[in-house]
Visitor: 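The following block contains the structure, expressed as structure tokens.
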Amino acid sequence: MNKPTLAIIVPCYNEELCIENTVNKLFLVIDDLIKKDKISSDSYLYLVDDGSKDATWDIIARLHDENKKVKGLKFIRNFGNQKALLAGLEGVRELGCDCTVSIDADLQQDEWAIEKFVDEYLNGADIVSGIRNDRKTDPFFKKLTAIMFYKTMNILGAKIPPNHSDYRLVSSRALKIMELYPEKYLFLRGFFNEVGLKTVYVNFDVKPRLAGESKFNFFSLMALALNGITSYSVVPLRFVTVLGFFMALFGLLVGIETVIEKIFWHNSPNGWATIIILLCIFGGIQLFCLGLIGEYVGQVYREVKARPRYVKDIELK
Ligand code: UDP
Ligand code: MG
């Protein structure tokens, strides 16, 4: 078998303080793997500048002039880390590679775990996902929300292992299948997890940031979590329908009970009963209808995304 070409994708947003250091460190890994005969010598780096406002792109352009193995692109504005990652995956798919690893520009993920990723790839895995050993470097709030997010996702039916990250290796086969998912807000962690290719998990250590500060805030994390939930689950919509149904049912039962009491025991409660009963029935019906509409909106939503209905594994011809 020919040695695989490895492309390392690095999304960068205002990373002028780290980027050069990061590139040097990643080349140490690449050179080491080339020396060990695990990857081909035309392996390269692919840097995606997510519309940085600092000197990040100037540094990347200079590094490219010095070494053509530094490739990349620049966004016209900041589109967010997930879009940068997506552009990186599509970029290396076009340039050509056998497998690709995505890693953060601050090298918080242990870059030497890439060797383990490549070993798993050579053993036949299509996707190798990095799992953090712990979240020691995360602030308390981020730790808490991350745990809540993965718990919610699992309850809602999208099976994503906790402490999952965007540090992963994917094969060119996985990249090709990604082309069949044209949805604009593809949730990468969900996609690679459910695509159906052989997946292996590798643990890695998380380090503090090299330099600069975290580019994520509460709202960008919320957006990531909400996109994950709505693109992989319609359970919240269904929940509204079920809630409305039971509320209306409850109102109806209390109503029947009141009427029966009135007829047989001549025990008529005060006016509050009528109010509560009507409130429950109408509130319930409204919620139920809203949920029902939601089901249709959900259906349209699923269709509009135009995901493939199935993906062939092997074809015999
Ligand atoms: N990033 C990006 N666009 C953004 C925000 C972040 O491309 O809008 C990149 C950033 O440069 C880094 C990676 O995404 O390479 C992870 O960001 P960061 O380290 O700030 O996040 P944290 O480690 O705090 O989750
Ligand atoms: Mg980081």
Side-chain angles (χ1 to χ4, degrees), residues 7-27 29 45-61 63 70-92 100-111 113-114 129-150 160 162-169 184-189 192 204-228:
I8 300 183
I9 299 169
V10 189
C12 326
Y13 180 52
N14 295 342
E15 300 284 7
E16 62 180 1
L17 294 175
C18 332
I19 194 65
E20 183 156 10
N21 194 348
T22 298
V23 166
N24 293 334
K25 285 187 162 176
L26 288 176
F27 272 124
V29 175
L45 285 186
Y46 196 82
L47 309 176
V48 182
D49 180 349
D50 186 7
S52 298
K53 292 176 188 73
D54 63 3
T56 304
W57 182 249
D58 302 333
I59 299 172
I60 294 174
L63 293 171
V70 177
K71 302 173 196 287
L73 69 90
K74 179 178 167 58
F75 280 168
I76 193 163
R77 67 164 167 91
N78 180 244
F79 282 93
N81 149 288
Q82 291 291 298
K83 295 278 160 43
L85 216 55
L86 208 62
L89 293 167
E90 285 174 344
V92 300
T100 178
V101 171
S102 47
I103 190 166
D104 286 352
D106 53 7
L107 283 193
Q108 279 192 277
Q109 299 111 332
D110 175 20
E111 71 273 18
I114 292 177
S129 270
I131 302 286
R132 305 160 181 249
N133 279 333
D134 54 56
R135 287 184 174 270
K136 260 189 288 192
T137 56
D138 276 352
F140 171 76
F141 183 69
K142 194 166 174 192
K143 222 180 296 185
L144 186 76
T145 45
I147 291 170
M148 272 163 48
F149 171 69
Y150 286 110
I160 300 178
N163 290 337
H164 197 73
S165 67
D166 280 320
Y167 186 27
R168 72 171 83 78
L169 175 146
K184 304 235 164 27
Y185 290 88
L186 184 63
F187 184 59
L188 290 169
R189 292 177 204 192
F192 286 121
F204 69 88
D205 287 323
V206 185
K207 298 175 283 184
R209 226 174 196 282
L210 272 183
E213 51 190 37
S214 175
K215 309 295 183 296
F216 275 100
N217 58 33
F218 174 72
F219 294 105
S220 50
L221 283 173
M222 263 315 262
L224 181 66
L226 269 180
N227 180 34

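As the structure lists them, so they are numbered: ligands from 1, and atoms in each ligand from 1.
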Visitor: Under a 3.5 Å distance rule, please check whether N14 uses its side chain to pair with a backbone N or O of K53 as donor and acceptor.
Guide: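 Yes: the side chain of N14 pairs with the backbone of K53.
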Visitor: Just by modelled atom types, is the A84 backbone N or O under 3.5 Å from a matching donor or acceptor in the D50 side chain?
Guide: no
Visitor: Determine whether a donor-acceptor pair (N or O, by modelled atom type, separation under 3.5 Å) exists between the side chain of E15 and the backbone of D106.
Guide: no
Visitor: What angle sits at the Mg ion (ligand 2) between OE1 of Q108 and OD2 of D106, to 10°?
Guide: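 Value, to the nearest 10 degrees: 100°.
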Visitor: Does any part of the side chain of Q108, heavy atoms only, come nearer than 4.5 Å to the side chain of R132, both counted from C-beta?
Guide: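 Side chain of R132 against side chain of Q108, heavy atoms only: no contact under 4.5 Å found.
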Visitor: Measure and list all N/O to N/O distances between ligand 1 and the protein that fall under 3.5 angstrom.
Guide:
| residue | atom | partner | partner atom | Å |
| --- | --- | --- | --- | --- |
| ligand 1 | 3 (N) | D50 | OD2 | 2.6 |
| ligand 1 | 3 (N) | N81 | N | 3.4 |
| ligand 1 | 8 (O) | D50 | OD2 | 3.3 |
| ligand 1 | 8 (O) | N78 | ND2 | 3.1 |
| ligand 1 | 11 (O) | P11 | O | 3.4 |
| ligand 1 | 11 (O) | Y13 | N | 2.9 |
| ligand 1 | 11 (O) | E15 | OE2 | 2.6 |
| ligand 1 | 14 (O) | N81 | ND2 | 2.9 |
| ligand 1 | 15 (O) | P11 | O | 2.6 |
| ligand 1 | 15 (O) | A105 | N | 2.8 |
| ligand 1 | 19 (O) | D106 | OD2 | 2.6 |
| ligand 1 | 19 (O) | R209 | NH2 | 3.0 |
| ligand 1 | 20 (O) | R209 | NH2 | 2.9 |
| ligand 1 | 20 (O) | K215 | N | 2.5 |
| ligand 1 | 23 (O) | Q108 | OE1 | 2.6 |
| ligand 1 | 24 (O) | K142 | NZ | 3.3 |
| ligand 1 | 24 (O) | S214 | OG | 2.5 |
| ligand 1 | 25 (O) | K142 | NZ | 2.5 |

Visitor: To the nearest 0.5 Å, what is the distance between OG1 on T56 and CG on L47?
Guide: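 Here the interatomic distance stands at 10.0 Å.
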Visitor: What's the shortest heavy-atom distance between Q82 and D166, and which atoms?
Guide: NE2-OD2, 2.8 Å
